[in-house]
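The analysis underlying the following values was restricted to heavy atoms, covering all of them including side chains, and did not include hydrogens, waters or symmetry mates. What you see is a predicted model, and the numbers here were worked out from it, not measured in a lab.
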Amino acid sequence: MDSLKATRNLKVTRNMKQLARDVKALKDKLAVCTRCGMCQANCPLFAQTRQETDVSRGKLVLIQGLIDQMFDDPKGVNLRLQRCLLCGSCAHGCPSSVNTIEIFLKARAIITQYLGMPFSKKMIFKKLLCHPETFNDMMGMVAPFQKLFFKKEQNPQGTSCARIASPLLRHRHIVPLKATPFNKTLENMDYRVQGKGVKVAFFVGCLIDKAFPNIAYSVIDVLEHFKAQVFIPSNQGCCGIPALASGDGQTFETLVKTNVSLFSKEKFDYLVTACATCSSTIIKLWPSLIKNGDKTLLGQVEDLAQKTVDISWLLEKRFDLSLGMSKEGGSKEVITYHDPCHLKKSLGVFNEPRKVILASGNELKEMKESDTCCGMGGSFNFDHYDLSSEIGLKKANNIMDTKCSIVATSCPACMMQISDMLAKQRQPIQVKHPVEIYAEALANSKALDLEHRLL
């Protein structure tokens, strides 16, 4: 019995030494941190909990502890690394420019290789997410059964809540999956024949495809209005961030290869997205986290990253937003705008969505702390819903203080979080994407123009 225990302990020791060697690859990046503590002032999670291990500096110390073999609890370190919104607020305000997001994601992947991944996540990532066509079919099968578990609420956010109490759903107000996802409409449409101007490839993204297809239709309507050629390959995969955030680097790389293969079939000027997280992942994480030694793949990834832009950036920089817009003064909506972390802090895009909103003829009223995190954080919202809600409620209060009728944001995940928070407060505030607002204004202008012609 003692010999078995000794053998087991020896194996654990060897494994810990191997883990330390693997994590040591991050040592140079860790050394950039001066432990100044500026991340405390910017971290939305630390503002809520005041715990050092919830701020970047504390997490970096834990990773360094694995390298130095100061402790033998990789599971505990991983739990602390997972307790992060990945909003990038710490990196955005870091005087030493520590790339915390890249460090955390790489550390999660290394520790997950050591600990293994839960069976449920293996099934979701490797059996579903890795195979876009299967994933789309599965989600299409799930959508009709939502009404059995969720009841539709009569609110401007269009949310549903659970019919029965459950530990996971609790008091959530969710944005349900649409009966017909955007990908199903591609079977009978070929956008490539439209337009003769700038050529744009459209990366749709999972949430827009399945929960917010109207955003995708708005993107198409606006691009066609400006006579753009549009390329939308079918069976697009996820950008990979859900798998990457869970430490599954293999699924992430598979999805990158899938998407690169699809989008490399045609030449285009821009790869446009309407999702801040997808934009940030393609531009920042695809080039930096792909380990494959295939130089052709790396070149294709870097080329796509350089061409990728947010839809508001494209509209404001490339087109005349006043073109086709009615000059007549109609009823103006009061709109406020929430800056997604992955758009403003990661990519520096924040003026462009505001100009798109203003070009639609509405009034823009800034909220307090428009660029603070809404608390969604992807899987963070599922694992730490109470903390996510506390952070989200602050955002909801700032939105409500503006007395707006619409809150706009450029991230579908933020839209889900804000919809949940406003629904809880029973607020009559709609949640929309800037491109939806602009597309609606264009449609109204065309209707007015037609009416005048008929008179």
Side-chain angles (χ1 to χ4, degrees), residues 19-71 74 76-112 240-241 244-247 249 252 276-277 279-291 302 305 339-350 369 371-373 375-380 387 391:
L19 176 62
R21 285 194 289 270
D22 291 342
V23 179
K24 196 172 182 179
L26 303 174
K27 193 166 186 177
D28 289 343
K29 295 182 182 296
L30 292 171
V32 179
C33 178
T34 62
R35 309 291 192 266
C36 69
M38 281 297 293
C39 47
Q40 287 187 348
N42 298 307
C43 178
L45 182 58
F46 180 80
Q48 205 65 41
T49 67
R50 314 307 294 183
Q51 294 182 21
E52 179 67 16
T53 49
D54 282 337
V55 79
S56 295
R57 180 175 65 176
K59 289 179 171 63
L60 296 177
V61 169
L62 291 176
I63 296 171
Q64 185 65 51
L66 284 179
I67 295 174
D68 298 335
Q69 299 183 61
M70 294 174 63
F71 43 79
V77 174
N78 197 42
L79 286 173
R80 284 299 177 183
L81 289 178
Q82 294 288 342
R83 194 171 148 111
C84 175
L85 289 155
L86 295 177
C87 64
S89 298
C90 51
H92 179 69
C94 179
S96 300
S97 300
V98 180
N99 195 339
T100 48
I101 300 302
E102 184 177 331
I103 293 171
F104 294 159
L105 290 172
K106 285 184 175 180
R108 287 184 186 187
I110 293 168
I111 297 173
T112 298
I241 190 62
L244 188 60
S246 294
F252 169 74
T277 301
S279 297
S280 179
T281 300
I282 296 170
I283 295 170
K284 298 280 190 177
L285 300 180
W286 281 17
S288 65
L289 295 180
I290 283 294
K291 302 175 185 175
E302 289 172 355
D339 286 288
C341 298
H342 291 152
L343 197 60
K344 181 178 181 180
K345 295 168 186 173
S346 178
L347 302 178
V349 176
F350 54 94
E369 298 177 334
D371 62 351
T372 58
C373 182
M376 181 63 175
S379 60
F380 180 89
L387 279 172
I391 297 169

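- In this structure, NZ on Lys59 lies 14.0 Å from CG on Leu30, to the nearest 0.5 angstrom.
- Panel note: side chain His342, backbone Leu86; a donor-acceptor pair is recorded below 3.5 Å.
- Separation of atoms CG (Leu347) and SG (Cys341) is listed at 11.5 Å; rounding is to 0.5 Å.
- Rounding to the nearest 0.5 Å gives a distance of 7.5 Å between OG of Ser246 and CZ of Arg108.
- Within the 4.5 Å cutoff, no side-chain heavy atoms of Phe46 are placed close to those of Cys39.
- In this structure, Lys284 NZ and Ile241 CD1 are separated by 13.5 Å, a value rounded to the nearest 0.5 Å.
- The CG atom of Leu60 sits 9.0 Å away from atom CG of Leu81, with the distance rounded to the nearest 0.5 Å.
- A donor-acceptor contact shorter than 3.5 Å is absent between the side chain of Ser280 and the backbone of Ala276.
- The CD atom of Glu102 lies 8.5 Å from the CG atom of Leu26; values are rounded to the nearest 0.5 Å.
- Nearest heavy atom pair, residue Ile391 against residue Pro44, reads CD1-O, 3.9 Å.
- Residues Val23 and Ile63 meet the side-chain proximity criterion, which asks for heavy atoms closer than 4.5 Å.
- Residue Glu52 forms a salt bridge (Lys or Arg N to Asp or Glu O under 4.0 Å) with just one option from Arg57, Arg35, Arg80, and that option is Arg57.
- Lys345 places a side-chain N or O within donor-acceptor distance of the main-chain N or O of Asp371, the cut-off being under 3.5 Å.
- Residues Cys84 and Phe104 approach most closely at SG-CD1, 4.2 Å, considering heavy atoms.
- The shortest heavy-atom contact between Ser89 and Asn42 is CB-O, 3.3 Å.
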